[in-house]
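What follows is one structure encoded as structure tokens, with my remarks underneath.
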Amino acid sequence: MSTTVTNEQIQALAATAEPFTLVLLHWEPGRMVDGADAIELEHQRRMVTLRADGVIAVLCPVASDTVAGVAIMTVPAEEASGSWPRIPACEQA
């Protein structure tokens, strides 16, 4: 590291830091059934809508057979968990 960071800079950053919620999105076992593509598209629509609304700060896929993606949300964990039941893919899974 070549940049020097002062104690004052650390304290100023810490004073303005806001908490985020990390969400790991997992693939469901039935994701390969007929009609799953349409359900997944609606799930993606919901995620992109949450991102556009500022509820999700970062949304990215993960190349994995078990983990579908990662979302970093701008809301507390309790509020973030309340977002999932309204996602069509979660309701139908």
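In this text, all values refer to a predicted model and were calculated from it rather than measured experimentally. Below, each value reflects all heavy atoms present in this structure, side chains not excepted, and no hydrogens, waters or symmetry copies.
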How long is the straight-line distance from [atom2] of [Y] back to [atom1] of [X], given to the nearest 0.5 Å?
{"X": "Ile10", "Y": "Leu13", "atom1": "CD1", "atom2": "CG", "value": "8.5 Å"}
{"X": "Glu42", "Y": "Thr49", "atom1": "CD", "atom2": "OG1", "value": "9.0 Å"}
{"X": "Thr3", "Y": "Gln9", "atom1": "OG1", "atom2": "CD", "value": "9.5 Å"}

If every non-hydrogen atom of [X] is compared with every non-hydrogen atom of [Y], which pair is closest and at what distance?
{"X": "Val67", "Y": "Trp27", "value": "O-NE1, 3.6 Å"}
{"X": "Val48", "Y": "Leu59", "value": "N-CD2, 4.3 Å"}
{"X": "Ala57", "Y": "Thr74", "value": "CB-CG2, 3.8 Å"}
{"X": "Ala71", "Y": "Met47", "value": "CB-CE, 4.1 Å"}

Side chain to side chain donor-acceptor pair (under 3.5 Å) pairs touching residues 52-67, sequence neighbours excluded, are Ser64-Thr66
Residues at least two apart in sequence or cross-chain that pass side chain to side chain contact (heavy atoms under 4.5 Å, CB included) with Thr21, listed by chain then number, are Val23, Met73, Ala77, Ala80
Sorted by chain and number, sequence neighbours left out, side chain to side chain contact (heavy atoms under 4.5 Å, CB included) with Pro76 holds for Glu78, Glu79
Query raised in the report: If you group Ile, Leu, Val, Met, Phe, Trp and Tyr by side-chain heavy-atom gaps below 4.5 Å, do Phe20 and Ile56 land in one group?
Result: no
query = So if you build clusters from Ile, Leu, Val, Met, Phe, Trp, Tyr with side-chain heavy-atom gaps below 4.5 Å, do Leu24 and Val58 land together?
reply = yes
